[in-house]
Amino acid sequence: MSNILLVTSSPRGPESLSAQFATEIAEGIKARSGGSLTTRDLAIKPPPHIGQAYIQGRVTRPDARTAEQAAAVDIAQELVDELKVADVIVLGSGMINFGLPSQLKVWFDHVTWPDVTFSFDETGPKGLLTGKKVYLVTAAGGVFSKGAYTPFDFQTNYVLHLLGFIGLTDVEVVRIEGTAYGSDAAKAAIKTTEAAVQALLAKAA
Ligand SMILES: Cc1cc2nc3c(=O)[nH]c(=O)nc-3n(C[C@H](O)[C@H](O)[C@H](O)COP(=O)(O)O)c2cc1C
């Protein structure tokens, strides 16, 4: 039995391919493991941008926080608590201007929290959210896994780095890419990714 957390972030609503494949993975794992599934759609309910209340609130003792600081920290705490109880995290990200959607960046700004999800010691930074399995689905109109655009993938590599920084290092990446190269290319890309998802679920069973 697994606690599965599904986090989606595309602003494209029902057309989102990252959300579609991430949901398929999360529901497939739930069907196989009999676990629970918690969903968080960051596009429907985006966390606010972080501000002074959050930055100062998280280094202030809970009983000394202002009401504004407490409210700001509570938002981050809820997101971190969801991560802490999850055994399996399925994350969907669709490329916007060569990077991740801003909704997902804001989520990382909340959950990347010193002494809560990462710490520093004499050896450097240490991620604290260990022992979890992550499936990362990244969608893009262009092709970034190979070819001339590889250096411009500021989505998959960046998200992997952010996940690793908070201890989420066991990550399986599923890409859906090249969908902007005409309808035949889009259909072929969807078929390839569908097969990859089925293979992944067969392995996860
Ligand atoms: C506002 C916007 C910006 C985009 N920027 C890029 C981009 O920089 N590079 C790219 O390859 N595709 C870009 N795309 C295409 C998306 O990455 C593609 O549609 C992808 O499937 C989006 O993920 P989703 O299907 O989960 O929404 C952009 C799409 C939108 C709507």
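In listed order, ligands and their atoms are each counted from 1. All values below were derived from every heavy atom in this structure, side-chain atoms included, with hydrogens, water molecules and symmetry-related copies excluded. Keep in mind that this is a model prediction, so the values were computed, not measured.
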Original post:
Does a donor on one side chain sit under 3.5 Å from an acceptor on the other, for Thr38 and Glu82?
Top reply: no
Original post:
Ile176 and Leu160: same hydrophobic cluster, using ILVMFWY side-chain contacts below 4.5 Å?
Top reply: no
Subject >> Every residue of the protein that comes under 4.0 Å of ligand 1, judged on heavy atoms >> reply: Ser10, Arg12, Ser16, Leu17, Ser18, Gly94, Met95, Ile96, Asn97, Phe98, Ala139, Ala140, Gly141, Gly142, Phe144
**OP:** Ignoring hydrogens and angles, tell me if any N or O in the side chain of Ser119 forms a donor-acceptor pair with the backbone of Asp115 under 3.5 Å.
**Re:** no
Original post:
Side chain of Arg32, backbone of Gly28: donor and acceptor closer than 3.5 Å?
Top reply: yes
**OP:** Taking atom CD of Gln198 as the centre, report whether more than 12 heavy atoms of other residues, nucleotides or ligands fall under 6.0 Å from it.
**Re:** yes
Subject >> Partners passing ring pair (Phe, Tyr, Trp, His ring centres under 6.0 Å) against Phe152 (at least two apart in sequence or in another chain) >> reply: Tyr149
